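See below for the structure under consideration.
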Amino acid sequence: MADIASHNNRLAAETSPYLLQHKANPVDWWPWGPDALTEAQRTNKPILLSVGYAACHWCHVMAHESFEDETTAGVMNDLFVNIKVDREERPDIDQIYMNALHHLGEQGGWPLTMFLTPDGSPFWGGTYFPKHAQYGRAAFTDVLREVARIFHEEPSKVAQNRNALVARLAERAQTNNPANIGLAELDSAATSIARATDPVHGGLRGAPKFPQCAMLEFIWRAGARMADQRFFLTTELALMRMSQGGIYDHLGGGYARYSVDEHWLVPHFEKMLYDNAQILDLLALDFSRTQSPLLRQQAEETVGWFIRDMTIPEGGFSSSLDADSEGEEGKFYVWSLAEVEQVLGSADAADFAAIYDVTAAGNFEGHNILNRLNSLDHKEYDEARLAMLRARLQQKRSKRVRPGLDDKVLADWNGLMISALAHGATAFDAPEWLTIAKQAFAFVARAMTQNTQEGDRLGHSWREGKLLFPGLASDFAAMIRAGLALYEATGERGYLDQAVRWQHALDRHYADTEHGGYYLTADDAEGLIVRPHATIDDSIPNHNGLIAQNLVRLAVLTGDAHWGRQRDALFAAILPGATENVFGHLSLLNALDLHLRGAQIVVTGDGEASDALLTAARRLPHATTIIFHAVSTDALPPQHPARDKIAAIKGEAAAFVCRGQSCSLPVIKPEALAALVEHGTTGG
């Protein structure tokens with residue numbers, strides 16, 4: 001590796017762990033910014049944009065092969081202005097240029113390698129390029145030379161590509177279909193999606209297999225809506241197989257990003273905060289129905305993992321753990337039979353190996369990925385003994401070289417985890433999780449929020465005291481969701497007030513007043529070639545889908561009709577696109593289900609009896625309930641349908657289940673509340 005002093009690599013001053021991984025490359029890297037674009041325009045060189053993230057295995061491969069190689073770096077430096085971007089730190093940039101790659105007819109992935117004109121407009125690209133020609137693919141340096149030649153010698157071809165791509169990026173999805181989606185359409189969509197799932201292994205058919213949490217929640221909601229166990233079982237099967245498969249870390253807790261096979265056996269070993277947040281939320285949701293010991297165990301172990309390994313001293317949560325350690329993917333996690341025998345002794349090792357699929361030959365490239373896919377009936381085993389054996393192996397594993405930690409704090413991913421912790425705290429009766437969620441929320445509200453004259457505004461990424469500002473709509477959407485989840489879990493008004501302040505800032509700086517919905521970037525953010533406006537879910541739910549869910553809850557929890565009007569306007573603007581692409585809009589359709597079928601549970605009174613009712617209400621499925629504690633009628637908006645009913649019981653503790661403008665008779669026994677919510681009728 002070349003000494004950084006001999007090159008003009010400008011990444012050493014950055015805080016992103018991914019960018020810092022490349023600070024000693026012989027490549028003359030620039031971070032994204034106006035200075036890099038100015039340099040490209042000054043030298044009339046095309047831009048090579050490389051986008052990746054710290055836990056990305058193939059990003060590391062391309063870095064080792066090409067970016068650390070003096071010869072390859074020399075070609076890059078001679079012919080291009082080279083810009084390195086952390087996709088987690090700048091998802092807005094990643095979204096624009098990944099969409100451009102898709103418009104070129106290429107399958108996306110990371111590392112993303114795009115070639116831009118000096119003004120930042122894309123004209124060609126790809127993902128991973130090998131250092132040497134192989135399998136019909138050109139060597140990276142040959143690609144570089146040919147792209148540079150075309151840029152200088154065939155400018156008309158570059159301009160044609162550039163103009164076509166920029167026009168496509170600026171297009172908005174057009175549909176003539178009205179937003180006529182109701183309960184029947186939700187049911188039909190859920191039935192179609194459920195048919196596409198794997199009836200044996202769970203999740204979508206085929207490989208690779210991703211958790212697809214928005215899809216599993218959508219199917220789960222159909223089970224609640226239609227009282228059809230088949231939908232519940234479809235979601236439960238996926239959760240069970242993931243939790244027994246190699247995608248789950250049976251020693252340390254937490255789930256890997258996806259499985260490369262259809263059995264959930266062989267993971268891509270990186271562990272992301274956003275995946276684990278969404279899976280934890282889903283575990284809490286299904287546990288509220290099943291009370292499954294397995295779901296509780298995996299949830300507790302997963303929370304234990306990110307408390308132990310992913311929480312920064314200031315209270316927020318780190319972003320990811322790398323797939324690689326010692327230059328090898330998965331090395332930290334796999335075992336040989338001999339290693340297991342050395343730690344556990346022959347007798348215990350034999351029992352452990354039989355349950356966790358450990359053999360002398362291995363189940364993955366000569367090694368063993370711990371899993372219980374061949375011993376799914378966990379009821380027959382002594383789980384306390386297995387836990388002790390796992391703890392001994394975990395202690396041994398902790399002495400290995402650990403995968404790299406990306407310890408930047410992202411507001412949107414933290415918001416997803418805070419919500420999951422709040423939901424899990426009540427579902428699993430784990431009040432200590434609520435404490436952790438509150439600490440993380442306080443960190444984001446303190447360290448990642450700027451109090452401006454126009455209100456509270458979030459940043460996106462924080463590390464070592466440096467905040468990337470302004471934030472994205474996804475940051476507001478996820479943190480508003482977190483505030484609402486904490487408010488419903490605690491009844492503490494400050495969380496609702498903060499959520500409202502953030503929603504006002506979101507409306508002021510991100511709303512698309514012409515087309516409806518919300519842009520990803522703020523109106524005063526750095527100018528990009530287009531302002532991202534996608535409504536499609538990605539690895540996290542699209543911000544428009546989360547905002548719709550938030551507005552549904554805000555309308556109920558504040559009683560302010562303004563939020564109800566915004567909710568209806570957002571659905572009207574975005575739902576037509578969902579008729580063309582149902583699967584891409586599942587977070588939005590989950591919000592619609594909450595709006596159309598969600599149960600508003602109003603608990604009145606103050607004291608032990610009302611506390612018992614609140615506890616019972618909070619243990620119901622969080623996805624389909626909205627919980628409001630109204631000590632008296634004064635806490636309810638004037639037109640709320642429960643006002644007269646609360647007045648009639650004269651301050652006694654009771655719960656009312658409301659849907660639309662209809663509320664049930666008072667419920668005074670906590671055990672009766674669940675049956676009334678599940679039944680789905682309210683009376684009058």
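Model, not experiment: these values are computed from the prediction.
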Legend entry - Non-hydrogen side-chain atoms of H640 and C658 separated by less than 4.5 Å: yes

Legend entry - Output field: ring centroids F210/Y258 closer than 6.0 Å: yes

Inset, instruction - Compute the ring centroids of F232 and W220, then answer whether they are less than 6.0 Å apart. - result: yes

Legend entry - Short side-chain donor-acceptor distance under 3.5 Å, E488 and Y495: no

Inset, instruction - Could you tell me whether a side-chain N or O of S664 sits under 3.5 Å from a main-chain N or O of V657, the two making a donor and an acceptor? - result: yes

Legend entry - Any side-chain donor near an acceptor of the partner, S587 and D537, under 3.5 Å: yes

Legend entry - Residues that A623 engages under side-chain contact (heavy atoms from CB on, under 4.5 Å), provided they are two or more places apart: E217, R221, L285

Legend entry - Expected output: side-chain R205 to main-chain R195 donor-acceptor under 3.5 Å: yes

Legend entry - Heavy-atom donor-acceptor pair, T197 side chain to I193 backbone, under 3.5 Å: no

Legend entry - Check: D187 main-chain N/O paired with T191 side-chain donor or acceptor under 3.5 Å: yes

Inset, instruction - Give a yes/no verdict on a cation-pi contact between K438 and W433, requiring under 6.0 Å between NZ or CZ and the six-membered ring centre and an angle within 45° of the axis. - result: no

Inset, instruction - Using modelled atom types only, decide if a donor and an acceptor are shared between the side chain of R296 and the backbone of F428 within a distance under 3.5 Å. - result: yes

Inset, instruction - Determine, for D286 against R289, whether the closest basic-nitrogen to carboxylate-oxygen distance falls under 4.0 angstrom. - result: yes

Inset, instruction - Check whether the ring centres of H504 and W563 lie less than 6.0 Å apart, and answer yes or no. - result: yes

Inset, instruction - For residues F443 and W462, establish whether the separation of their ring centroids is below 6.0 Å. - result: yes

Legend entry - Where A499 and L484 come nearest, the two heavy atoms and their spacing: CB-CD2, 3.9 Å

Mind listing the side-chain donor-acceptor pairs of residues 412-421 below 3.5 Å, one per line with the distance, residues two or more places apart or on another chain?
| from | atom 1 | to | atom 2 | distance (Å) |
| --- | --- | --- | --- | --- |
| D412 | OD2 | S474 | OG | 3.0 |
| N414 | OD1 | F317 | N | 2.8 |
| N414 | ND2 | F317 | O | 3.1 |
| N414 | ND2 | L410 | O | 3.0 |
| S419 | OG | G415 | O | 3.0 |
| S419 | OG | A482 | N | 3.3 |

Inset, instruction - For the pair Q244 (side chain) and M240 (backbone), establish whether a donor and an acceptor sit closer than 3.5 Å, ignoring hydrogens and angles. - result: no

Inset, instruction - May I have the step-by-step check of side-chain hydrogen bond (donor to acceptor under 3.5 Å, both in side chains) for H622 and S288, ending in yes or no? - result: CA-CA 8 Å; H622 62 265; S288 64; over 6 Å; no

Inset, instruction - Taking atom CD of E314 as the centre, report whether more than 12 heavy atoms of other residues, nucleotides or ligands fall under 6.0 Å from it. - result: yes

Inset, instruction - Evaluate the side-chain proximity of E301 to Y248: yes if any heavy-atom separation is below 4.5 Å, no if none is. - result: yes

Legend entry - R501 with D456: basic N within carboxylate O range, under 4.0 Å: yes

Inset, instruction - Going by the side-chain contact (heavy atoms from CB on, under 4.5 Å) test, name the single residue among W305, Y255, F306 that passes it with K271. - result: W305

Inset, instruction - State plainly whether the residues D198 and R241 are in salt-bridge range, i.e. N to O under 4.0 Å. - result: no

